[in-house]
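Single-structure report; data block below.
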Amino acid sequence: METKYIFVTGGVVSSLGKGIISSSLACLLKARGYRVTIQKFDPYINIDPGTLNPYEHGECYVTVDGHEADLDLGHYERFTDIKTTRANNVTTGKVYQSVIEKERRGDYLGKTVQIVPHITDEIKRDVKRLGNTGNFDFIITEIGGTVGDIESLPYLESVRQLRWELGDNSLCIHLTYVPYIAAAKELKTKPTQHSVKLLQEAGIQPDILVLRTEKHIPTEMRRKIAQFCNVAPDAVIQSVDVNSIYKVPVKMHEQHLDEIVLRKTGVAIEGEPHMKPWLDFLDKMERATETVTIGLVGKYVELQDAYKSISEALFHAATYADRKLNLIYIHSEKLDEKNVEEKLSGLDGVIIAPGFGQRGIEGKFVALKWCREHDVPTFGICLGMQCMVIEFARNVLGYADANSTEMDSRTTHNVIDLMEEQKSISNLGGTMRLGAYDCVLRPGSRAAEAYGATEISERHRHRFEFNEDYRKQFEDAGMKCVGENPASHLVEVVEIPEKRWYIGTQYHPEYSSTVLSPNPIFRSFINAAIDYSATKENKKK
Ligand code: GLN
C-alpha cells in the first residue's frame with residue numbers, strides 16, 4: 001500500500017494534547033496491523049530541545065539513536081511501542097540550519113533563498129523522509145504550536161502543498177477546544193469556527209475535527225460545527241476529559257476515528273483493532289485499590305512535565321503490580337536534616353531525579369543519607385545515581401569534600417568526573433553521551449535479577465561518569481559496580497546489595513518504559529516498595 005500522511009494541527013489554545021491524539025490514532029492503527037510512525041515538527045528556533053531548560057517545554061526525551069527530543073516523542077513510544085529516531089523530530093532551527101548550509105555550499109546556484117520555496121521544500125523533504133524508507137504505512141505528522149502563530153506559517157504552507165500533491169494519500173486532523181462557560185452554563189463553538197477559518201485561510205481544509213472539551217458536546221452542536229466548517233458530521237469527534245491519557249485510544253475508537261482515517265485514505269476496513277493487551281492494562285488500572293507511595297526528589301517539581309517519563313514509567317510499573325500510584329514530588333532545595341524525617345518517612349520508595357548543576361543538590365544528599373540509613377527502597381537515576389556515589393563517598397568512605405567536578409571542579413575527591421576525551425569540549429549542544437548503550441550486569445546482582453538478563457541496552461544523557469580510580473574502594477566498602485559498558489568499561493549501575501533495594505543507574509530507564517512493555521527495573525523498584533510497605537504495616541500491627 002502507498003504511504004499515507006496524516007497531519008495533526010491545533011487551534012484555539014496550546015496544550016490541547018495533539019501528542020495524545022496522534023499517539024492514540026497510531027496506537028489504533030498499529031493494533032490493526034499497520035506500520036505506523038509519528039513525527040513532531042516544532043516551530044522554535046532551537047536546533048533541538050537539548051539546550052532548553054525543562055521549565056520551557058518540560059522534559060527532554062532521548063531517542064535510541066541519541067537525539068534530544070520533544071517530550072511528545074515519549075508519548076509516541078509509550079502508546080505504540082515503536083522506537084522513534086532523530087528523523088521523528090524536526091525544528092525550525094534544524095530546517096534553517098540545513099538550508100543555510102546548502103546556501104553556503106552553493107547548492108542553490110545563485111538563486112535568492114526564500115521561505116517559499118526553499119524553507120517549505122526543506123520541510124516537505126523532512127515530512128517525507130520516514131515515508132520514503134518504505135518502512136511505514138502511515139506517517140502521522142504533528143505540527144507544534146497553534147494555527148495563527150507567525151512561526152507556524154511555513155509549516156502550514158508545506159502541509160497545504162503536500163495535501164495537494166498527495167491527494168487521497170493524506171488528510172488533516174485539526175484539534176480545537178470547545179470551552180464551557182460556567183456563568184452561561186453553555187459550551188461555545190465560536191473559537192473552533194474561527195480556528196478552522198484560520199486554517200482555511202492558509203489553504204487547508206481539515207478532514208476531521210477533534211474537539212477537546214470538559215463536557216459532552218451534544219450531537220446537534222457537533223452537527224452545527226460540521227456544517228460551519230465543511231467537515232462531514234461523523235468526522236467531528238469529541239475528546240472529553242478523562243482521568244487517564246491511556247483511555248484516549250479507546251474513546252477515539254468508540255467514535256470510529258481509526259475507521260474514518262482508513263476510509264478517507266482509501267484503505268479497506270477489515271475487522272477490529274487488536275486492543276486486548278491495552279484493555280487488560282486499563283482494566284488493571286481501574287481495578288487497583290491499594291496504593292504505593294513514591295517520593296520523587298528533584299528540583300523541577302513545580303513543573304511535573306519535567307519528569308514526565310519517570311512518572312509514566314512508575315505508573316506503568318505500579319499498574320502491573322495492581323497498585324494505584326501515589327507520586328509525591330519533593331523539592332530538593334527545601335529538604336534538610338531537620339525536615340527529612342517528616343518528608344520521607346511515609347514513603348514506600350524514593351526516586352532521586354536526574355538533573356544538571358548545583359541547585360538543589362545538597363537536598364539530594366540529605367535524602368540519600370536518610371534513605372540509606374533507614375533502608376528505604378531507593379532508586380537514583382543519572383544525576384541521582386551520581387549523588388548516591390557522592391553521598392556514599394562522603395559518609396561511608398569518609399571523604400567529606402567528595403563531589404562531582406560538575407559541582408566543584410577543584411574537589412580532591414572527584415568520585416564523579418569527566419572522561420579525559422571530553423575535557424576539551426566547550427560547546428553545549430550534543431556533547432553528551434546520548435542514546436542507547438549496551439550494559440553488562442553482574443550475574444546475581446539485584447539489577448540483573450530485575451531485568452532477568454545480564455545484557456541490556458538503555459538510553460543515556462549525561463557528561464559526567466563514575467571515576468574508575470575509586471572503583472575498588474567503593475566495592476570494598478559495600479557499594480558494588482554491578483553494571484558496566486562492555487566497550488568502555490564505564491560504570492553504569494551501582495547497588496548496595498545488603499540494603500533492601502538501593503540501586504543507581506547512570507542511564508535513564510524511564511525512556512524505554514511503555515504501556516505494553518513496562519521497564520523491568522521500575523517494576524522491580526515498585527515491587528520492592530510494595531514489600532517494604534508490607535513490612536512497615538506488619539510492624540505497626
Ligand atoms: N549532570 C549530570 C551529567 O551531566 C547528570 C545528567 C542527568 O541527570 N541527566 O552527567
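Note that ligands are numbered from 1 as they come in the structure, with each ligand's atoms numbered from 1 the same way. Values in this document were obtained by computation on a predicted structure and should not be read as measured data.
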Please tabulate protein-ligand N/O pairs under 3.5 Å for ligand 1, atom names and distances to 0.1 Å.
residue  : atom   : partner : partner atom : Å
ligand 1 : 1 (N)  : G355    : O            : 3.0
ligand 1 : 1 (N)  : E406    : OE1          : 2.7
ligand 1 : 1 (N)  : E406    : OE2          : 3.1
ligand 1 : 4 (O)  : R463    : N            : 3.0
ligand 1 : 8 (O)  : G355    : N            : 2.9
ligand 1 : 8 (O)  : G355    : O            : 3.3
ligand 1 : 8 (O)  : L383    : N            : 2.9
ligand 1 : 9 (N)  : R461    : O            : 2.9
ligand 1 : 9 (N)  : H508    : NE2          : 3.3
ligand 1 : 10 (O) : Q386    : NE2          : 3.1
ligand 1 : 10 (O) : R463    : N            : 3.1
ligand 1 : 10 (O) : F464    : N            : 2.8

Can you give each donor-acceptor pair under 3.5 Å made by side-chain atoms of residues 392-404, sequence neighbours left out, with the distance rounded to 0.1 Å?
residue : atom : partner : partner atom : Å
R394    : NE   : A402    : O            : 2.9
R394    : NH1  : E362    : OE1          : 3.4
R394    : NH2  : A402    : O            : 3.2
N395    : ND2  : E391    : OE2          : 2.6
Y399    : OH   : Q473    : OE1          : 2.3
D401    : OD1  : H413    : ND1          : 2.8
D401    : OD2  : T412    : N            : 3.2
D401    : OD2  : T412    : OG1          : 2.5
S404    : OG   : E406    : N            : 3.0

Side chain to side chain contact (heavy atoms under 4.5 Å, CB included) between V297 and I351: does it pass, once the steps are laid out?
-> CA-CA 6 Å; V297 179; I351 296 239; over 6 Å; no
Could you pull out all residues at least two apart from S24 that satisfy side chain to side chain contact (heavy atoms under 4.5 Å, CB included)?
->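 S24: side chain to side chain contact (heavy atoms under 4.5 Å, CB included) contacts with I20, F79, V248, P249, M252.
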Among all residues two or more places apart in sequence or in another chain, which pass the side chain to side chain contact (heavy atoms under 4.5 Å, CB included) test with D241?
->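 Side chain to side chain contact (heavy atoms under 4.5 Å, CB included) list for D241, sorted by chain: R212, E214.
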Begin with the C-alpha distance, continue with both residues' side-chain angles, and end with the deciding distance and a verdict on salt bridge (Lys or Arg N to Asp or Glu O under 4.0 Å) for E492 and R433.
-> CA-CA 12 Å; E492 314 281 38; R433 192 162 168 242; 2.6 Å; yes
Test R442 against every option in E455, E449, E475 by the salt bridge (charged side-chain N to carboxylate O under 4.0 Å, His left out) rule and name the one that passes.
->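 For R442, the salt bridge (charged side-chain N to carboxylate O under 4.0 Å, His left out) check succeeds only for E475.
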